[in-house]
Amino acid sequence: MSVNESEQIMKIYKELYALYGPQGWWPLMELETDNPDKIGVTQGYHPLNYSLPETPKQRYEIILGTILTQNTAWASAVKALKNLKKLNVIHPMKLLLLDDETLKAAIRPAGFLNLKTIYLQEITHFFLLLDNQIPSRDQLLKVKGVGNETADSILLYGYKQPEFVVDAYTRRIFSHIGLVDEKIKYGNLKKLFEKNLPQDVRIYQEYHALIVKHAKRYYQKNPYGVDDPLS
DNA sequence: AACCAGGACGTGA
DNA sequence: TCACGTCATGGT
């Protein structure tokens, strides 16, 4: 890998951060805490607060969100999450006790309801078996419904592990810029970032969130990347 | 009215 | 391994 590519990864990060600022991922529906320093951070995004999740319940909410947002707009995933909250099932055992039809109805706005119902139940079983231990990436990938991006999202945002998250936007932006081939494999694109960034969870979290922020503005409509200030 | 959304899986070359 | 089709609802 050339020095130029290496520098580009950090340079783009700094540019995105300058453009959009800290993103406060992973958003949580509500942030209840008894930490006096964090009272007032009430909902959704939480810029510059890298201590979350602070409870197993918040971690579980993140995990549910990673499944619900698969190939689905985040706003739609939030609707499903709110329905689950109304049912008081953002709790592993309670979700497993919920009947399939009620669960399907709740997550309907997020789409793929038949698949995601199974996926949510599968990851919940896995989460219970973990008993608050940190899962390995390979363990996560064995869970039905958990692929590369979901595994990395769970580890990076749910468990604060230094795993860079690659998504469709990442591939779209960095191939458009010309830094990588558009067909680059997930693992290779992931390693490109991990090799050229300090192994810092905060940077990994912000960079991925910034990529999504930027892509929503310039890479949603085909042809992609028109007027991208990075290129 | 196509196209896209913070993908993953199953199948057959 | 690789390219495709499938899964589903909602917004633009």
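Here is the naming used below: chain letters follow the sequence lines, and residue numbers restart at 1 for every chain.
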Quick one: does Tyr45(A) reach the base of dG6(B) with a side-chain donor-acceptor pair under 3.5 Å? yes
Output the rounded distance in Å from [atom1] ([X]) to [atom2] ([N]).
X	N	atom1	atom2	result
Ile154(A)	dA8(B)	CD1	C1'	13 Å
Tyr219(A)	dC3(B)	OH	C1'	19 Å
Glu149(A)	dG7(B)	CD	C1'	7 Å
Tyr157(A)	dG6(B)	OH	P	13 Å
Arg171(A)	dA5(B)	CZ	P	13 Å
Gln220(A)	dA2(B)	CD	C1'	15 Å
Arg172(A)	dG6(B)	CZ	C1'	11 Å
Lys216(A)	dA5(B)	NZ	C1'	9 Å

Leu141(A) vs Thr66(A), nearer the 5' end of DNA chain B by closest nucleotide: Thr66(A)
Find which nucleotide of DNA chain B each of Gly145(A) and Ser153(A) is nearest to by heavy atoms, and output the residue with the more 5' nucleotide. Ser153(A)
Please check if the distance between the ring centroids of [X] and [Y] is under 6.0 Å.
X	Y	answer
Tyr207(A)	Phe164(A)	yes
Trp74(A)	Trp25(A)	no
Phe174(A)	Phe193(A)	yes

Checking all strands, does [X] fall into the base, sugar-phosphate, or nothing category for heavy-atom contacts under 4.0 angstrom?
X	result
Tyr224(A)	sugar-phosphate
Val166(A)	nothing
Val146(A)	sugar-phosphate
Lys213(A)	nothing

Would you measure the distance from the P atom in dG10(C) across to the matching atom in dA8(B) and give it in whole Å? 22 Å
Nearest-Å distance once atom C1' is located in both dC2(C) and dG6(B): 25 Å
Which word best sums up how the rings of His208(A) and Tyr157(A) line up, parallel for under 30°, tilted for 30 to 60°, or perpendicular for over 60°? tilted
Measuring only between side-chain heavy atoms, which start at C-beta, is Lys57(A) closer than 4.5 Å to His91(A)? no
Are the side chains of Tyr159(A) and Gln133(A) in touch, meaning some heavy atoms are under 4.5 Å apart? no
Would you check if Trp26(A) stacks with the base of dG6(B), given a 5.5 Å centroid limit and a 30° plane limit, both strict? no
Looking only at side-chain atoms of Thr150(A), point me to the closest of dG6(B), dA8(B), dA5(B). dA8(B)
Considering only heavy atoms, which members of residues 103-125 of chain A lie under 4.0 Å from some atom of DNA chain C? Arg108(A), Pro109(A), Gly111(A), Phe112(A), Leu113(A), Asn114(A), Leu115(A)
Would you mind telling me which residue lines up with the more 5' stretch of DNA chain C, Lys221(A) or Lys183(A), judged by nearest nucleotide? Lys183(A)
Report yes or no: do Phe126(A) and Leu141(A) belong to one cluster of Ile/Leu/Val/Met/Phe/Trp/Tyr joined by side chain heavy-atom distances under 4.5 Å? no
Joint hydrophobic cluster, Leu128(A) plus Val146(A), side-chain heavy atoms closer than 4.5 Å: no
Its 5'-most and 3'-most nucleotides having an atom under 4.0 Å from a non-hydrogen atom of chain A, DNA chain C is contacted over dC2(C) to dG11(C)
If you take all heavy atoms of Val201(A) and Gln161(A), which pair is closest and at what distance? CG2-C, 3.9 Å
Should Asp200(A) and Arg202(A) count as an ion pair when the cut-off is N to O under 4.0 Å? yes
Residues Lys190(A), Glu163(A): salt bridge by 4.0 Å N-O rule: yes
Examine dA5(B): is either OP1 or OP2 under 4.0 Å from a nitrogen or oxygen in the side chain of Tyr169(A)? Give yes or no. yes
